[in-house]
J.: 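A single structure is presented below for examination.
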Amino acid sequence: MAPFILSRTNERATKSVARIVLYAALFFVATRLLSGVLIGAASAVYEQLLGIPNPMGALRFGGSPEVAAERFGANTIWMLLLVAPLFEELAFRLALSFRRAHVAIGAGALAAFLAMRLAPAGSFFGGWGGAAVVAVAAAGLLYGCSPAGFWSSKRAAWQVAAGWCSAVGFGLAHLFAMEGLSWELLPFALLVCFMLACAGAVFVYLRVNLGFGWALGAHILNNIPALALLLSMQ
């Protein structure tokens, strides 16, 4: 048996759907508890040694319900419950099937994500319209330049490494949502990214063993507690 969740890319051949889902749930709960302990300990260190009583609040992390509550609007529920999970799963997990069309769409979604995050505020490419142009261009270019059968031939050799890149990249991508990020807060921010990367590993595991819909469903479930807390603050 492969020693780590991201190495388990062929579980469906030997395990039932129920066992795969149970393992994913246990890994999620265990790593979320571990992350909570690490973040709690880091918060105490920041308060005692650096005089920062609430490093999570200082980060201004957009994924935090407390921060999202300040910007709550009519579209917030749909953004948290559907748009954000779907967009992130397309960008970080769709290509793990190693089908040419999926790789192209995933590359397009990832390019759109980077365009919106890296383009100057208020610029064309920083909005959904410009990001859509970038997505179509990136997807079309990759699809057109990929020989038929190329990606499927690389699946066995590259899938584990791609899964690691997906999980780690998904975690680190949330640095873009931390408006108060500074060198002083970077170690704490990386602990938050570690927690999210562990969730990303669960989504990868479900994606490669059960399919894209399972990863998307798990991502939506992951967002529900934060959404419930956000709604309770309104």
J.: Tell me yes or no: between the side chains of Glu11 and Tyr205, is some donor less than 3.5 Å from an acceptor?
T.: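 Short answer, yes.
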J.: Please tell me whether Val103 and Phe87 are part of a single hydrophobic cluster in this structure, the criterion being side-chain heavy atoms less than 4.5 Å apart.
T.: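 Cluster IDs for Val103 and Phe87 differ.
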J.: How far apart are the closest heavy atoms of Ile5 and Phe27, and which atoms are they?
T.: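 Shortest heavy-atom contact: CG2-CZ, 3.6 Å.
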J.: Which heavy atom of Ala167 sits nearest a heavy atom of Val204, and at what distance?
T.: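 Smallest heavy-atom distance, with atoms named: N-CG2, 4.3 Å.
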J.: Are the side chains of Ser35 and Phe194 in contact, using a 4.5 Å heavy-atom criterion?
T.: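 SC-SC contact between Phe194 and Ser35 confirmed.
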J.: So, does Glu89 use its side chain to make a donor-acceptor pair with the main chain of His219 at under 3.5 Å?
T.: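 No, because the side chain of Glu89 does not come within donor-acceptor range (under 3.5 Å) of the backbone of His219.
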J.: Is Arg8 close enough and on-axis enough to Tyr23, meaning under 6.0 Å and within 45°, for cation-pi?
T.: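 Yes, a cation-pi geometry.
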J.: May I have the step-by-step check of side-chain contact (heavy atoms from CB on, under 4.5 Å) for Trp214 and Phe203, ending in yes or no?
T.: CA-CA 8 Å; Trp214 286 88; Phe203 304 153; over 6 Å; no
J.: Start with the C-alpha gap between Leu118 and Phe176, add the side-chain angles, then the distance that decides, and say whether side-chain contact (heavy atoms from CB on, under 4.5 Å) holds.
T.: CA-CA 9 Å; Leu118 297 176; Phe176 288 115; 3.6 Å; yes
J.: CE of Met56 to CG of Leu59: how many Å apart, nearest 0.5 Å?
T.: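 Going from CE on Met56 over to CG on Leu59, the span is 6.5 Å.
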J.: Any chance you could pull the hydrophobic cluster mates of Val37, using side-chain heavy atoms under 4.5 angstrom and chaining through other members?
T.: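 Hydrophobic cluster check, Val37: no partners found.
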J.: Does the side chain of Phe28 reach to within under 4.5 Å of the side chain of Asn222, using non-hydrogen atoms?
T.: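 Side-chain contact under 4.5 Å: yes.
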J.: Write down the atom of Cys145, the atom of Pro147, and the distance for their closest heavy-atom approach.
T.: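 Minimum heavy-atom contact is O-CD, 3.5 Å.
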J.: Between Phe212 and Leu90, is there a side-chain heavy-atom distance shorter than 4.5 Å?
T.: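 They are in side-chain contact.
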J.: Look up atom CZ in Phe170 and atom SG in Cys165, then write down how far apart they are to the nearest 0.5 Å.
T.: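 The distance works out to 15.0 Å.
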J.: So Leu190 and Leu172, do their side chains get closer than 4.5 Å, heavy atoms only?
T.: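 Of all side-chain heavy-atom pairs linking Leu190 with Leu172, at least one is under 4.5 Å.
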J.: Nearest 0.5 Å please: distance from the CD1 atom of Ile39 over to the CZ atom of Arg32.
T.: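 Atom-to-atom, Ile39:CD1 and Arg32:CZ are 8.5 Å apart.
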J.: When rounded to the nearest 0.5 angstrom, what is the spacing between CD in Gln159 and OG in Ser97?
T.: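 Interatomic distance, Gln159 CD to Ser97 OG, rounded to 0.5 Å: 8.5 Å.
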J.: Do Val17 and Ile20 share a hydrophobic cluster, counting only Ile, Leu, Val, Met, Phe, Trp and Tyr and linking them when any side-chain heavy atoms are less than 4.5 Å apart?
T.: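 Val17 clusters together with Ile20.
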J.: Strictly distance-based, threshold 3.5 Å: is any side-chain N or O of Tyr46 a donor or acceptor partner for the main-chain N or O of Glu184?
T.: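 Present.
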J.: According to a 4.5 Å side-chain heavy-atom criterion applied to Ile, Leu, Val, Met, Phe, Trp and Tyr, with indirect links allowed, do Leu114 and Val136 form part of one hydrophobic cluster?
T.: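 The answer is no; the residues belong to distinct hydrophobic clusters.
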J.: Does Asn223 reach the main-chain N or O of Leu80 with its side chain, forming a donor-acceptor pair under 3.5 Å?
T.: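 Indeed, once roles are kept as given, a pair shorter than 3.5 Å links the two residues.
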J.: Would you sort out whether Phe61 and Phe188 count as a ring-ring contact (aromatic ring centres under 6.0 Å, His included), showing the intermediate values?
T.: CA-CA 11 Å; Phe61 176 41; Phe188 188 88; over 10 Å; no
J.: Tell me whether Arg99 at atom CZ has more than 12 heavy atoms from other residues, nucleotides or ligands lying less than 6.0 Å away.
T.: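 Result for CZ/Arg99: open.
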J.: Which heavy atom of Ala104 sits nearest a heavy atom of Ala139, and at what distance?
T.: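 Scanning both residues, the minimum pair turns out to be O-CB, 3.2 Å.
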J.: Is the closest side-chain heavy-atom distance between Met195 and Leu38 below 4.5 Å?
T.: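 They are not in side-chain contact.
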J.: How many angstroms lie between OG1 in Thr31 and CG in Leu196, if you round to the nearest 0.5 Å?
T.: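 Between atom OG1 of Thr31 and atom CG of Leu196 there are 10.5 Å.
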J.: Does any part of the side chain of Leu185, heavy atoms only, come nearer than 4.5 Å to the side chain of Ile52, both counted from C-beta?
T.: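 Yes; the side chains approach each other to less than 4.5 Å.
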J.: Which heavy atom of Ala107 sits nearest to which heavy atom of Ala138, and what is that distance?
T.: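 For Ala107 versus Ala138, the nearest heavy atoms are O-CB, 4.3 Å.
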J.: Is Phe98 linked to Ile105 within one hydrophobic cluster, defined over Ile, Leu, Val, Met, Phe, Trp and Tyr using a side-chain heavy-atom separation of less than 4.5 Å?
T.: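 No, it is not one cluster - the side chains of Phe98 and Ile105 are not joined through contacts under 4.5 Å.
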J.: If only atom types and distance count, is the side chain of Arg12 paired as donor or acceptor with the main-chain N or O of Lys15 below 3.5 Å?
T.: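 A pair under 3.5 Å: yes.
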J.: To check you understand the geometry: which heavy-atom pair defines the closest contact between Cys193 and Met178, and what is its length?
T.: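 Reported closest heavy-atom pair: SG-CE, 4.2 Å.
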J.: Quick one: does any side-chain atom of Ser166 pair with a main-chain N or O of Ala162 as donor and acceptor, under 3.5 Å?
T.: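 No; judged by distance alone, with no hydrogens or angles, the pair does not exist.
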J.: Is Leu221 reachable from Leu86 through a run of I, L, V, M, F, W or Y residues, each pair having side-chain heavy atoms under 4.5 Å apart?
T.: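 Yes, because Leu86 and Leu221 connect within a single hydrophobic cluster, where side-chain heavy atoms sit under 4.5 Å apart.
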J.: Which pairs pass side-chain hydrogen bond (donor to acceptor under 3.5 Å, both in side chains) with one or both residues in residues 133-158, sequence neighbours excluded?
T.: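 Every side-chain hydrogen bond (donor to acceptor under 3.5 Å, both in side chains) pair that includes a residue of residues 133-158, provided the two are not neighbours, is Arg100-Tyr143, Ser146-Trp151.
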J.: Rounded to the nearest 0.5 Å, how far does NE2 of His174 lie from CG of Leu181?
T.: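 Interatomic distance, Leu181 CG to His174 NE2, rounded to 0.5 Å: 14.0 Å.
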J.: Who passes salt bridge (charged side-chain N to carboxylate O under 4.0 Å, His left out) against Arg207, sequence neighbours left out?
T.: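 Expected list: none.
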